[in-house]
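Working notes, structure below.
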Amino acid sequence: MTVISIDSAPDTLTRDALAVLQPGFVGTTAPEWLLLRLAEGLGSVALFSRNIESPEQLSALTAQLRAVRADVLVAADEEGGDVTRLEARNGSSFPGNLALGAVDDADLTQEVAAELGRRLGTCGVNFNWAPSADVNSDPGNPVIGVRSFGSDPHLVARNTAAYITGLQSAGVAACTKHFPGHGDTAVDSHHAMPNIEVGLEILRDRELVPFQAAVAAGTKAVMSAHILVPALDPDRPATLSPSALNGLLRAPVADGGLGYDGLIVTDGIEMQAIAATYGIERGTVMALLAGADAICVGGGLADEETVLRLRDAIVRAVRDGDLPEERLADAAARVRSLAAWTAERSGAAEGTAPDPEVGLIAARRAVRVTRTEEYVPVATAPYVAAFTPVANIAVGSETPWGVAAELERLLPGTVTGTFREADTADGGVDGLCAKVLQSASDRRIVAVVRDVHRHPWMADALEALLAARPDSVVVEMGVPQAPPSGALHIATHGAARVCGQAAAEVIAGKEAGV
């Protein structure tokens, strides 16, 4: 790799190249190389769960960054619900989008987002890669699911707008994603390139409706998706497509576009949909050419070498005539403009009163209970059988989920067991079911599932379990489908900690109306 040498006072081109990068790093304090790049012009820093231990530590970290660059954009992927970085170790205090969509109360969505923004802003995070405005039109979607407000475009639109309003009221910039809509995909773009085969008419009537609402609500940023939409561009994914970004997102409304003029940031450039096809250097230059202003990187590649590779690729592209210098300057100016907006609103979160219960209130309202006969609450410590699928990368595997911890609080002595598809390897589904029954003994069983409709082994195991123990309680913490007959079925519309608490209250008969 050829590294372009720079002195202690980088030229404008190099500073602009650094300004458009949003890199991550490893550790809970900023490494020296990151502080050096901030001094040289780096405009943003991305935080992940590996960087966050507590609000106090996070505040110290963001203060460390701002001691070098006062107007730095500090970004995080804090959707709430299943996708949390602030509370990755214990589970989120806020339900995710699907739960908010199940309630469909725009005022409540705004209140939840405002409190989430207050907590981010208090810790020094001023740029949130949320909300997800994807319409979850494919129930089998492996990467969106509960991260969407739902499958109705207009429901998604009004809650997206409310979320943006609430979040930005706390001085935290919203980043609406994943344009032009990742909801009708059966492939996770972390691993490969999704292909959405719909016509422009369906795209406008479904996928684009929430993004139009987001633009109208004043979203400060939009994140592009690494998805191929042949109706827009048969060759390039949206992140790299001038037709998608400049020709649709930025184009005037009078010309059929969305009329958006704010910051466009890419999804993680090291995701395989881009990296495996174009490489991260080429993908970065192509994204800037297409109309993106900022390059997200660091979920996987979180080191100085990656930052230098991308910086140098951008500088080289300008010097070689492959990337117009004015395009890079325009992108860097948008980054700095957003940084100025957040700097002006610094402290907005501190002026608002905390609303610590709003997340739990929303989670309780999102619970849906289906039963065919009068429910007998679980009165003694049950056995919780957690049927656990492989977590998608956006959610991560480090965040705990389920109802066991909350049931233990209500019913001390609760026992839990975790079961995975691998547990069917020897005795099949019957063998897995036998393990559950043996472990449970005479305890009441609470079966916890997540997107049971996407996992045949889970569906079969649940059917076998209910045949043997029809008094079991089923808790679906993913996207709910038709509930099994005969059992109490609780749909939480997400796996946040507060969703588990709301479900546990129903199971133990502690919630009104049970």
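The backbone N or O of A290 sits less than 3.5 Å from a side-chain atom of N246, completing a donor-acceptor pair.
For D330 and R334, the salt-bridge test passes: some basic side-chain N is under 4.0 Å from an acidic carboxylate O. Between E78 and R85, none of the side-chain N atoms (NZ, or NE/NH1/NH2) sits under 4.0 Å from a carboxylate O, so this pair counts as no salt bridge. Here R50 does not pair with E398 in a salt bridge; the nearest charged N to carboxylate O distance is not below 4.0 Å. Here E305 does not pair with R309 in a salt bridge; the nearest charged N to carboxylate O distance is not below 4.0 Å. Checked for salt-bridge contact, R147 and E79 meet the test: a charged N lies under 4.0 Å from a carboxylate O. Ion pairing of K177 with D77 is present here, as a side-chain N (NZ or NE/NH1/NH2) and a carboxylate O approach within less than 4.0 Å. With respect to R327 and D322, no salt bridge is recorded, no charged nitrogen being found less than 4.0 Å from a carboxylate O. Here D355 does not pair with R118 in a salt bridge; the nearest charged N to carboxylate O distance is not below 4.0 Å. Between D184 and R206 there is a salt bridge, with a side-chain nitrogen of the basic residue lying less than 4.0 Å from a carboxylate oxygen of the acidic one. Of the charged side-chain nitrogens involved, at least one lies within less than 4.0 Å of a carboxylate oxygen, so that R450 and D82 count as a salt-bridged pair.
Between Y260 and F211 there is no side-chain heavy-atom pair separated by less than 4.5 Å. Side-chain contact between R336 and L73: absent, with no pair of heavy atoms (C-beta onward) separated by less than 4.5 Å. At least one side-chain heavy atom of L308 sits under 4.5 Å from a side-chain heavy atom of R37. Contact of the M223 side chain with the F179 side chain is not registered, since no non-hydrogen atoms from C-beta on lie closer than 4.5 Å. In this structure, the side chains of I314 and L21 come closer than 4.5 Å at one or more pairs of heavy atoms. Taking 4.5 Å as the limit, every side-chain heavy atom of P31 sits out of range of all side-chain heavy atoms of E304.
Taking the ring axis of W401 as reference, the NZ or CZ atom of R497 does not stay both within 45° of it and closer than 6.0 Å to the ring centre.
Here the shortest heavy-atom pairing between P95 and G359 reads CD-O, 3.3 Å. Of all the heavy atoms in Q168 and A174, the pair that sits closest is OE1-N, 3.1 Å.
Every residue two or more places apart in sequence or in another chain that forms a ring pair (Phe, Tyr, Trp, His ring centres under 6.0 Å) with H178 is listed here: H182.
Ring orientation note: the planes of F149 and Y163 are nearly perpendicular, at an angle over 60° on the 30°/60° scale.
By the neighbour-count criterion of 12 heavy atoms within 6.0 Å, atom CD of E325 is sparsely surrounded, having that number or fewer from other residues, nucleotides or ligands.
In summary, of the residues considered (L42, V307, V68), a side chain to side chain contact (heavy atoms under 4.5 Å, CB included) with L34 occurs for L42 alone.
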